[in-house]
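Take a look at the structure set out below.
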Protein chains: 2
Amino acid sequence: MARPRRRLLSRERIVAAALALVDAEGLDMVSTRRLATELGVSGPSLYNHFTTKDDLLDAVVDTVLGEVDTDMFRALGAGECDWRTALRDWARSYRAALAAHPNLVPALAQGPGRRPNALRLADAVFGGLVDAGWPRAQATRVGAIMRYFITGSALGSFAGGFPDDAEVYAGEYPHLDQAHLLADRQREIDESAFEAGLQALLDGLALQYRQAVR
Amino acid sequence: MARPRRRLLSRERIVAAALALVDAEGLDMVSTRRLATELGVSGPSLYNHFTTKDDLLDAVVDTVLGEVDTDMFRALGAGECDWRTALRDWARSYRAALAAHPNLVPALAQGPGRRPNALRLADAVFGGLVDAGWPRAQATRVGAIMRYFITGSALGSFAGGFPDDAEVYAGEYPHLDQAHLLADRQREIDESAFEAGLQALLDGLALQYRQAVR
DNA sequence: ACCTGAACACCGTTCAAGT
DNA sequence: ACCTGAACACCGTTCAAGT
């Protein structure tokens, strides 16, 4: 027993298995012991690669953030597109990355910390906005605003949160008499709300931009 | 032993103790056993009042949502204010309620479920917007958009998420050379980002409203 | 009806022991 | 260096037993 001749684990392999487990069974089902079993290894082995379970989940989150595209901010810096377009495309890419792993989102809501990809996103957005003429203080706010909206939209479906049982609303909540139908159209409603909200946000920010640079 | 002559617990007392514990030590520190100890009672006693720990946390969340003011939508229905004002005041009240219990926010992100106060909020907002002339489908979206933004802004500070150690950014993230200063001004930055985002959102939604009702 | 202690099947993490 | 089993101090929840 003890140690085999070939390395059994790596950070990458552990992260991939953890993400698969989160997606398949939810964040609650990720225990170090369960994950180790999934990897064909004993529980404490993971501690050779991560100092704590939180450290491991941090790495999982950063892997997902790695899927977010930030190239549009390079194009923005090169004057090949405007800040609205860049921000819109980035927001969609960000949301798509989070929406691909809905069970992970609660673990995602803690600021960038020291996660490389989280910092990469913040750096790209802030740099892009400043390049486009936003004053630094406002660029910081715009970055925050976008993160609020995007993580909020990923974190828990709006439509899916309503019970599909009409009894729940009867009498008590007069305006919600159609709410039990929301669950069935969840994806469509969340998607269109995200797009409408993104549009509204960019329109509103454009007004603030005109104030700022005039 | 066994049972004392007078009732030791009630749902209200348990919820209050749980919320105090969340605020004081974080969501992770709320275990049924720890909470029971805090209440001077043995662990399993809680199960006479809540079916599961999740059920208990649901009640805690609903209590916090109970602090959110929705009276502005009555004023809106009575024609005493416009939808922008109502939505703005409601958003501030909502955020204030969440910001008062930052440690709880991760537990908050699951849609209304069957929580009475969550449904009360959804009902008031949707009803108010429809009264103000928003088409039903769009009113649903506006409700979702506001929830995205507000929960996103409560959920994890933006500014506070950046390490205050300048070393983290040096070289790697050129645009973040001032980011280590964010943590100190966390409250101010999050607050002003919320206000700027709310303003942008309402400005953008006003454009959509004019499209919808013209 | 409401509280208790004992019990079951789990956790995250540490650590000495193995190769 | 990297994996193991044993161990520690916890969990959430069930249940028979008490009043």
Side-chain angles (χ1 to χ4, degrees), chain A residues 1-62 103-104 106-108 110 113 115, chain B residues 1-62 103-104 106-108 110 113 115:
Chain A
M1 281 289 151
R3 182 163 87 99
R5 47 199 174 290
R6 260 293 281 166
R7 228 163 167 273
L8 290 178
L9 295 175
S10 68
R11 284 177 67 98
E12 290 70 31
R13 225 167 79 70
I14 295 170
V15 166
L19 184 54
L21 192 52
V22 170
D23 288 343
E25 310 196 22
L27 201 55
D28 290 344
M29 286 296 95
V30 181
S31 72
T32 55
R33 294 166 121 109
R34 170 74 197 278
L35 181 56
T37 303
E38 216 81 22
L39 287 159
V41 111
S42 88
S45 303
L46 303 180
Y47 289 86
N48 288 299
H49 303 268
F50 296 95
T51 62
T52 63
K53 184 186 172 184
D54 270 357
D55 183 29
L56 197 168
L57 286 178
D58 243 40
V60 174
V61 167
D62 206 56
N103 293 338
L104 185 65
L108 223 143
Q110 313 137 358
R115 295 177 294 220
Chain B
M1 283 286 149
R3 180 164 90 98
R5 44 198 177 290
R6 260 292 282 166
R7 228 164 167 270
L8 291 177
L9 295 175
S10 67
R11 286 177 65 99
E12 290 69 32
R13 225 167 78 72
I14 296 169
V15 165
L19 184 54
L21 193 51
V22 169
D23 288 342
E25 310 198 22
L27 200 53
D28 290 346
M29 286 296 95
V30 181
S31 73
T32 56
R33 294 164 121 109
R34 170 73 196 278
L35 182 55
T37 302
E38 216 80 23
L39 286 159
V41 112
S42 89
S45 304
L46 304 179
Y47 289 86
N48 288 299
H49 303 269
F50 296 96
T51 62
T52 62
K53 184 187 172 182
D54 270 357
D55 183 29
L56 197 167
L57 285 178
D58 244 40
V60 174
V61 167
D62 206 56
N103 294 337
L104 185 67
L108 223 144
Q110 313 136 1
R115 294 178 295 219

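Order of the sequence lines sets the chain letters (A, B, ...), proteins ahead of strands, with each chain counted from 1. Computed from a predicted structure; not experimentally measured.
With hydrogens and angles ignored, the 3.5 Å screen pairs a side-chain donor or acceptor of B:Asn48 with a backbone N or O of B:Ser45. A:Arg13 contributes a side-chain N or O that, together with a main-chain N or O of A:Leu8, makes up a donor-acceptor pair within less than 3.5 Å. In this structure, the side chain of A:Arg33 does not engage the main chain of A:Gly43 through any donor-acceptor pair within 3.5 Å.
With the nearest nucleotide of DNA chain D identified for both B:Lys53 and A:Leu9, A:Leu9 has the one nearer the 5' end. Along DNA chain C, the nucleotide closest to B:Gly43 and the one closest to A:Arg34 are compared, and the more 5′ of them pairs with B:Gly43.
Residues B:Tyr47 and B:Thr32 form a side-chain contact, since some pair of their non-hydrogen atoms from C-beta on lies under 4.5 Å apart. Looking at A:Leu35 and A:Leu56, their side chains come closer than 4.5 Å, going by heavy atoms from C-beta outward.
Look at C:dG12: its Watson-Crick or wobble partner, with both distances under 3.5 angstrom, is D:dC8. With a cut-off of 3.5 Å on both pairing distances, the Watson-Crick or G-U wobble partner of D:dA1 is C:dT19.
Of the candidate nucleotides C:dT14, D:dC3, D:dC15, D:dC3 has the atom nearest to the side chain of A:Leu8. Considering only the side chain of B:Pro44, D:dT14 comes nearest among C:dT14, C:dC11, D:dT14. For B:Tyr47, whose side chain is taken as the heavy atoms from C-beta onward, the closest listed nucleotide among D:dT14, D:dC11, C:dT4 is D:dT14. The side chain of A:Arg33 lies closest to C:dT13, out of C:dT13, C:dC2, D:dG5.
In this entry the distance linking CG of A:Asp55 with P of C:dT14 reads 12 Å, nearest Å. Between the CZ atom of A:Arg11 and the C1' atom of D:dC2 there is a distance of 15 Å, given to the nearest Å. Between the CG atom of B:Leu46 and the P atom of D:dT14 there is a distance of 13 Å, given to the nearest Å. Separating the CD1 atom of B:Ile14 from the P atom of C:dC2 is a distance of 11 Å, rounded to the nearest angstrom. Remark: P of C:dA16 and CG of A:Asn48 are 15 Å apart, rounded to the nearest angstrom. Atom C1' of nucleotide C:dC11 and atom CE of A:Met29 are separated by 11 Å, given to the nearest angstrom. Atom CZ in B:Phe50 sits roughly 15 Å away from atom P in D:dT14 (whole-Å rounding). Between A:Leu27 atom CG and C:dC11 atom P there is a gap of 14 Å when expressed in whole angstrom units.
Distances shorter than 4.0 Å separate some side-chain N or O of A:His49 from OP1 or OP2 on D:dC3. For D:dT4, the OP1/OP2 oxygens have a side-chain nitrogen or oxygen of A:Ser45 closer than 4.0 Å. At the phosphate of D:dC11, OP1 or OP2 sits under 4.0 Å from a side-chain N or O atom of B:Ser31. Side-chain N/O atoms of A:Thr52 include none lying less than 4.0 angstrom from OP1 or OP2 on C:dG12.
If you check every strand for non-hydrogen atoms under 4.0 Å, A:Thr32 touches a base.
To the nearest 0.5 Å, atom CG of residue A:Leu108 and atom CG of residue A:Leu104 are 5.5 Å apart.
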